[in-house]
Amino acid sequence: MDASRSRGEIIASHTFTYFNFLNLVLAGLILFSGQYKNMLFMGIVITNALIGIIQEIKVKKLVDALSVVTATKAKLVLGEEIREVPVESLKKGDMIRVSIGDQIPVDCVTKESQGLEVNESLLTGESLAVLKKSGDFLYSGSTAAAGTATAEVIHVGEDNYATQLVKKAKTKRRATSEMQIAIKKIIKYVGYAILPIGTVLFVIQRQVAGNNISDSLVNTVAGVLGMIPEGLVLLTSISFILGVGRLAKKNALVQEMEAIEALARVDVLCLDKTGTITTGELRVEKVILAGGTEEKEVYPVMESFSYAFEETNSTTEALRGYFENTEKLEIIDKIPFSSRRKYMGITVREAEGKKRYFLGAPEYLTQDGQALEQAEQFAAEGMRVLLLADEKEKPLVLIALGDVIKEDAPETFRFFREKGVNIKILSGDNPLTVSVVAGRAGIDGAERYVDARELPEEPEQLRAEIDKYQVFGRVSPEKKQCIVKALEAEGNVTGMVGDGVNDVLALKDADCGIAMASGSDAAKQSAHIVLLDSDFSSMKEIVNEGRTIISNIERVSALYLTKTLYSIFLCVLFIIIGKTYPFIPIQLSLIGATSIGIPSFVLALERHEDTIPKGFLKNVLRISLPAAATLTGGLVVISCFSRLFHMGEVVVSTLNLLAGGFVSFAVLLVVCMPMSRMRFGLCVTVISLFCGAVLLFPHFFNVVSVFEFLF
């Protein structure tokens, strides 16, 4: 099912179905028989189709309103002029301008760089921005985090690295739906059985049981009609459609309806660090003064460093947030950061004259053993360490920066732990850093980490290794895909949360792929669900919604399959014994409406958060198979006693209807356990409707009139 079908496709999908065609044929047979009251089931068929059409169109309006299309532009350099043009118009050799905040539209090579830093996390998963100098390669899909540059286009269209990566994900795997697979199997086998069983049943009713053509047609239609679980198909569709609408209101765009079930059954959830555990920002965690320096000496220097350069990134933002409201110094010279030097510098004017300071990686700025040992301790805790030193390499202050953990991250991971969902972190960052961050966020087993480059390539060996670790660092796009496949090969229902081009291979192969709306277009297209607010914590409500929907469908499926099973059993049995089929269509319509139709639509709208056990068909048959066998046996007993005690046709019909109602309502009571006030009220209401119909309209349902019997 596609959540973005046109109105015409929606109407056609609910109208031109195999079951609707079959019901139309059965209605034609009833029309030919002249017993028009037994055509009541067509009213239910038409109503069901209208409900499905109306509900899906309503949801389509909501989903369409959430879909946003963005165009990609590039800044083409034409001499002294810079012109914004569509990416598609770029050619090899063109010169483009890249500025802070721009997404690099095509693969290119830097020609002139003014402190350009590029965030390549969407492609590599590495969250740290990379400084680019003249001659460095720029990947399409990466983003300028700081500085500016002029670059020459070297790849266009499908030759781009990002496009090549996306092409590998061209064939998107549909979301896994255990329930849909089981229901389709039932429909397939019932569809095969209907024609031969119906034909033989008609012959038996006419030739062996001795019924006239009219009664034989009615009895045959009753037998075949009960075998069709069209209500279950409709209920599943409508539940999914309503689920899409409810999830849309929670800022989740469902691109495949089956994804609702897949997400509800997920027991292993793979995700990246940035955007899920962390905000992508940095924060100053610790400031350690060294060499007997005082705050008043170094804080003005640090604020001066924070604002010395126009380009900003997560590090400078963190420094500005911490070293604020101090007296800035006059900067008379500055050295920009270099990935080769690993530090930057400024020269300031002070009362005693000029003084130079350097800020960067400790091991590049000092030989002081105590400072370096302290820096290593911070690094072991997963923090990034900066050292401020003077021109004599004297350490002045150590600054430890840490990823900002999302406030709701611990609560979100606690929720998944309580729901029995195992969390695996797949990140392009340093595995130790990711491990520490995951531990701070409350992920169980975060201390078990590995560099994914050390994992075996052979699938069988990889499957043996992945259970040992919760955190995987330095994970390539291809390795993410391999890990997801390995988890699924172990029998897990796997979900993948991602936002970058580096995630598309894993997203498209996961049982349920979830993308952030703030991520790349490729990720969103590869995913089954898109989080429109890009907030991982909203997954709690989405999972609960999915579990509610699937649990409800699984519960009411027992009602429908009980009817399908006993109809098949009765058809086969009464063909063998050559007796009149025990029900007529109008009686099955009454049983179906009161014990199945009305309860199923009420129960399908219940709100709860049940855990979904594996094995849809097994769970359903556990209830429906014994009930169907019980009713079949009961009707055989009634048939035998009717001959023994010479019961009239109407009396037998009455007993059959009551037996069918009794077993069907018994199944309803089992399904409603544990009983709530609402479920109790539902059971009382539908049982009253059944009894009322039998008492008030006995001739219509071909049963004994209580009033005639008593008076």
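Atoms considered below: every heavy atom in the structure, side chains included; atoms not considered: hydrogens, waters and symmetry mates.
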Asn492 (side chain) donor-acceptor with Glu488 (main chain) under 3.5 angstrom: no

Partner set under salt bridge (Lys or Arg N to Asp or Glu O under 4.0 Å) for Arg414, not counting sequence neighbours: none

Arg417 side-chain N/O to Gly442 backbone N/O, donor-acceptor pair under 3.5 Å: yes

Ring geometry between Phe583 and Tyr581 (parallel below 30°, tilted from 30 to 60°, perpendicular above 60°): perpendicular

Under 3.5 Å side-chain donor-acceptor pair for Asn544 and Arg547: no

Euclidean distance, Ile576 CD1 relative to Cys571 SG, rounded to 0.5 Å: 11.5 Å

Asn219 and Thr580 side chains, donor-acceptor separation under 3.5 Å: no

Show me the donor-acceptor pairs, under 3.5 Å and distance only, between side chains in residues 661-668 and residues at least two apart or in other chains.
unit_1: Ser664; atom_1: OG; unit_2: Gly660; atom_2: O; d: 2.8

Salt bridge (Lys or Arg N to Asp or Glu O under 4.0 Å) involving Lys406 - partner list, sequence neighbours excluded: none

Sidechain-backbone polar pair: Asp267 side chain, Val493 backbone, donor-acceptor under 3.5 Å: yes

What pairs of donor and acceptor atoms, side-chain ones from residues 622-629 against any protein atom, are under 3.5 angstrom apart with sequence neighbours left out?
unit_1: Ser624; atom_1: OG; unit_2: Val620; atom_2: O; d: 3.1

Backbone of Gly597 reached by a side-chain donor or acceptor of Ser600 within 3.5 Å: yes

Side chain to side chain contact (heavy atoms under 4.5 Å, CB included) between Val497 and Met516, intermediate numbers included: CA-CA 8 Å; Val497 182; Met516 303 291 184; 3.8 Å; yes

Under 3.5 Å donor-acceptor, Ser589 side chain and Pro585 backbone: yes

Short side-chain to backbone donor-acceptor contact, Ser642 and Ser639, under 3.5 Å: yes

Rounded distance (nearest 0.5 Å) linking atom CZ of Phe202 with atom CG of Asn211: 10.0 Å

Side chain to side chain contact (heavy atoms under 4.5 Å, CB included) between Leu559 and Val671, intermediate numbers included: CA-CA 8 Å; Leu559 301 175; Val671 164; 4.1 Å; yes

Contact list for residues 531-543, test side-chain hydrogen bond (donor to acceptor under 3.5 Å, both in side chains), sequence neighbours left out: Asp408-Ser537, Glu411-Lys540, Ser518-Ser534, Asp535-Ser537

Indicate every side-chain donor-acceptor pair of residues 647-655 with a distance under 3.5 Å to a residue at least two apart or in another chain.
unit_1: Ser653; atom_1: OG; unit_2: Gln587; atom_2: NE2; d: 2.7
unit_1: Ser653; atom_1: OG; unit_2: Asn702; atom_2: O; d: 2.8
unit_1: Thr654; atom_1: OG1; unit_2: Val650; atom_2: O; d: 2.8
unit_1: Thr654; atom_1: OG1; unit_2: Val704; atom_2: N; d: 2.7

Check: Pro674 main-chain N/O paired with Arg679 side-chain donor or acceptor under 3.5 Å: yes

Test side chain to side chain contact (heavy atoms under 4.5 Å, CB included) applied to Leu570 and Phe574, step by step: CA-CA 6 Å; Leu570 290 174; Phe574 279 79; 3.7 Å; yes

Nearest-0.5 Å distance that lies between atom CZ in Phe536 and atom CD1 in Ile542: 10.0 Å

Residues Arg265, Glu554; criterion salt bridge (charged side-chain N to carboxylate O under 4.0 Å, His left out); working and verdict: CA-CA 12 Å; Arg265 296 188 189 277; Glu554 194 163 289; 3.2 Å; yes

Pair Phe697 and Phe701, ring centroids less than 6.0 Å apart: no

Exam field: side chain His528 to backbone Gly513, donor-acceptor pair closer than 3.5 Å: yes

Exam field: side chain Glu545 to backbone Arg246, donor-acceptor pair closer than 3.5 Å: no

Intermediate values then yes/no, side chain to side chain contact (heavy atoms under 4.5 Å, CB included), Ile598 and Leu689: CA-CA 11 Å; Ile598 296 173; Leu689 286 174; 4.0 Å; yes

